Amino acid sequence: MGDITEEREVDWYKRMSFYQIWIRSFADGNGDGIGDLYGVYDKLEYIKSIGVDGIWFSPIYPSPNADFGYDISDYKNIHPEYGTLDVFQKVLKKAHSLGLKVIMDLVVNHTSDEHPWFLESKKGKDNPYSDYYIWRDEPNNWDSLFEGEAWEYEPERGQYYLHLFAKKQPDLNMDNPKVREEVKSIMRFWLDMGVDGFREDVINFISKREGLPDGIPFIPVLGAMRHYKDGPHIHEYLGEFRNVCREYDCFQIGEGPMTTVNSAKNYLMGPTKSLDMLFSFDHMMADCVFTEFIHRPFSLVKLKKAFSKWQYALQGKAWNSLYLENHDHPRVISRYGSELFHRESGTMLAVSYLFQQGTPFIYQGQEIGMTNIHLPSIEHYVDVLSKNNYYKYHKNDPVEKRLHRIHISSRDSARTPMQWDDSENAGFTTGKPWFYVNPNYKKINVAAQEEEGEYSILNFYRRCLELRKHSKTLLYGTYREYFPKDPGLYLYERRLEDTAYLVICSFAGFPVRVPMPKPFAGKKGRLVLCNYPKEEKKADNLLEKTQQKVDAAATKHGWFRPYEARIYRFDLTEETGEKTEKN
Ligand code: GLC
Ligand code: CA
């Protein structure tokens, strides 16, 4: 593998990968049951050891927690439960000394209704903050994404305010230049402190269509989206924010719910380029529509279609972000993999996305294969979206069906405490954890996987990131998919000059035969990564021994074991004997 350090340091984020921290459930440093910055400080070496190059902090600002941090009441401070600005600066300094970049969540589509701006704004129509939010005498027909209608009456002012999310998350009026100045001042505040960039929350929603026309009636939630998604002034406003970033060496990734790949291009390239990458949602809908609303069985073909659509559209033109989990989606092994084949599917899923073109994000707990939690009743859950879906959106369904839906889709499954070891509370806290620990922590935890050797999910993530980081082909090479219609296999190639990598992932829970794509048929590839150990453990009994023989025979003849993943490297000039540079 060639040395790539001589490359120019432009677009440094392309070589990177990030680790996302949802702080409340990450690590509790002071024993009050709530994750905090003291805990993060102590775990920075661990994060670094995974092989990532940066951290994205989900919001750590003061917040009444109606939406766990995404309802901010002070943009220039740290939530007292998590620490202080002083502690944050210590974390930042230590992260930087370990070579980790730090990006913050910038949540400016809305604030908390307890933010001082809103407290002023709701008093009346003639104070300096009156136009900071979106007020109307009469609501339109929009639904919010989280809590019924998108309008709430405020008796003090005698008007309705818009909230695209929860009632406690009033939307800011971005058409007001003063609000945009506030956003820039928030950005400068953190950039001056030394942070390296922002993940910008639902950023494609910040510009609403003039006059706020009614959405399509009878289409709940989505019927209104056309009037605020990728709105009329979005590029102008984001351009202003981009200019602030240009004053610093700052990186921006936007969250773009429901953004199509075509409109994504307007954010990522050309004269309206205002973001370095977007979080797209298409590949998060291979078993549902918009995460919690409508479910359907997992379809690999849908997943591949979404992956490839974005890869093909952006390669050579813009840059992708790659992710399978974050704080908004249930755990991916429980969705696209198999809890039965926990290690196998967890490692295979890593291979399925980490080697595409783009910058990978890994969500806390994903690297050890944490899975969904099944709590006994809706009262045990805390997420506003889950509660709304249970009590309102699906209210006519039987209880069992609604609870089942919560088990497979609740965002709370991504928010259970991080499983560090098999001691009480999974080593997350010495106190009483703020939320339920998944009972499988005795088996699934960091300490166990550190011990388990190179094929534990954790150590496999490390190997994947190491491989990606040192290969120009895997970083910058072109992407091409093979057999897109195959319902059980995902094959893709990365190619640069004379080197090609072929990535093969089986999503089947039984052995399957893998055909070789034409360009590789008859060529000799070198196996550079496989999620099954080369030497099987010593088999203890006859059944295991027989199974191993079957496995060995199967592998020889192009069969893949359940959830097997392999990467082969091909030197495309080998046959002609030309000298090649190893990529
Ligand atoms: C984004 C966040 C999510 C939050 C919502 C409203 O989608 O990732 O957690 O609830 O925006 O801020
Ligand atoms: Ca704490």
Side-chain angles (χ1 to χ4, degrees), residues 20-43 56-61 63-73 75 78-84 87 104-113 115 144-147 150 162-172 198-206 221 225 228-229 253-259 278-281 284 290-292 321 323 325-330 361 363 382-389 410-415 417-418 425 428-435:
Q20 182 193 350
I21 295 180
W22 197 81
I23 195 166
R24 203 170 182 78
S25 288
F26 185 63
D28 176 18
N30 64 0
D32 65 355
I34 298 172
D36 50 41
L37 287 169
Y38 314 101
V40 173
Y41 188 88
D42 289 340
K43 297 293 185 190
W56 151 29
F57 274 108
S58 267
I60 55 178
Y61 320 103
S63 160
N65 281 335
D67 188 19
F68 291 104
Y70 286 88
D71 48 321
I72 297 170
S73 51
Y75 285 96
I78 299 292
H79 196 307
E81 285 173 345
Y82 305 146
T84 59
V87 184
M104 301 296 272
D105 220 305
L106 184 71
V107 187
V108 293
N109 176 69
H110 44 264
T111 69
S112 162
D113 66 342
H115 193 288
S144 75
L145 283 97
F146 282 2
E147 274 190 302
L162 176 73
H163 62 90
L164 290 183
F165 293 89
K167 288 177 191 160
K168 283 183 71 62
Q169 293 171 298
D171 279 54
L172 281 164
F198 299 101
R199 175 267 187 188
E200 305 184 358
D201 190 65
V202 293
I203 204 67
N204 57 333
F205 289 0
I206 63 170
V221 186
M225 217 173 247
Y228 58 78
K229 182 168 67 90
I253 172 159
E255 186 203 24
M258 305 305 262
T259 286
L278 262 181
F279 281 127
S280 64
F281 276 56
M284 284 287 106
F290 215 36
T291 311
E292 300 219 11
S321 73
Y323 76 98
E325 278 190 16
N326 63 36
H327 63 294
D328 288 333
H329 302 281
F361 284 72
Y363 178 61
V382 292
D383 176 33
V384 58
L385 174 56
S386 301
K387 291 208 181 263
N388 181 66
N389 284 345
S410 174
R411 302 195 298 179
D412 282 339
S413 272
R415 302 173 180 188
M418 178 74 183
N425 302 320
F428 162 72
T429 179
T430 52
K432 183 176 178 313
W434 77 277
F435 192 52

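Model, not experiment: these values are computed from the prediction. We count ligands from 1, going down the list as the structure has it; atoms in each ligand are counted the same way. Values below: all heavy atoms of this structure, side chains included; hydrogens, waters and symmetry mates excluded.
Using a 4.0 Å cut-off between charged side-chain N and carboxylate O, R24 and E81 make a salt bridge. The pair R411-D383 meets the salt-bridge criterion, with a side-chain N (NZ, NE, NH1 or NH2) lying under 4.0 Å from an Asp/Glu carboxylate O.
Annotation for ligand 1: atoms under 4.0 Å from non-hydrogen atoms of R199 are 2 (C), 8 (O). Of all the atoms in ligand 1, the ones that sit under 4.0 Å from a non-hydrogen atom of H110 are 6 (C), 12 (O). Short contacts between ligand 1 and R411, defined as distances under 4.0 Å to a heavy atom of the residue, involve ligand atoms 3 (C), 4 (C), 9 (O), 10 (O). Applying the 4.0 Å criterion to heavy atoms of H327 picks out, from ligand 1, the atoms 2 (C), 3 (C), 8 (O), 9 (O).
Taking a 4.0 Å cut-off on heavy atoms, F146 registers as neighbouring ligand 1. Contact between H329 and ligand 1 is absent, with no heavy atom of the residue lying under 4.0 Å from the ligand.
Classification of the F281-Y323 ring pair by plane angle, with boundaries at 30° and 60°, yields perpendicular. The aromatic rings of F165 and F146 sit perpendicular, their planes meeting at an angle over 60°, well past the 30° parallel limit. Under the 30°/60° scheme for interplanar angles, the aromatic rings of W56 and F361 are found to stand perpendicular. The aromatic rings of W22 and W434 sit tilted relative to each other, their planes meeting at an angle between 30° and 60°.
Between the side chains of Y70 and D105, at least one donor-acceptor pair of N or O atoms lies under 3.5 Å. Using modelled atom types, one finds a donor on one side chain and an acceptor on the other under 3.5 Å when comparing S386 with S410.
Comparing D328, V107, L164, D71 by heavy-atom distance to atom 8 (O) of ligand 1, the nearest is D328. Taking only non-hydrogen atoms, the option from V202, D67, L145 nearest to atom 6 (C) of ligand 1 is D67.
Between atom CG of residue N425 and atom NZ of residue K432 there is a gap of 9.0 Å, rounded to the nearest 0.5 Å. With values rounded to the nearest 0.5 angstrom, N30 atom CG is found 10.5 Å from L37 atom CG.
Taking 3.0 Å as the threshold, T429 does not count as a candidate ligand of the Ca ion (ligand 2), since none of its N, O or S atoms lies below it. For the Ca ion (ligand 2), the set of nearby N, O or S atoms under 3.0 Å includes none belonging to G31.
Looking only at protein heavy atoms, the nearest one to atom 11 (O) of ligand 1 is D201 OD1, 2.9 Å. For atom 7 (O) of ligand 1, the closest heavy atom belonging to the protein is E255 OE2, 2.8 Å.
Summary: OD1 is the N/O/S atom of D32 found nearest to the Ca ion (ligand 2). Closest approach between the Ca ion (ligand 2) and any N/O/S atom of D36 involves OD2.
Vertex the Ca ion (ligand 2); arms to N30 OD1 and D28 OD1; angle rounded to 10 degrees, 80°.
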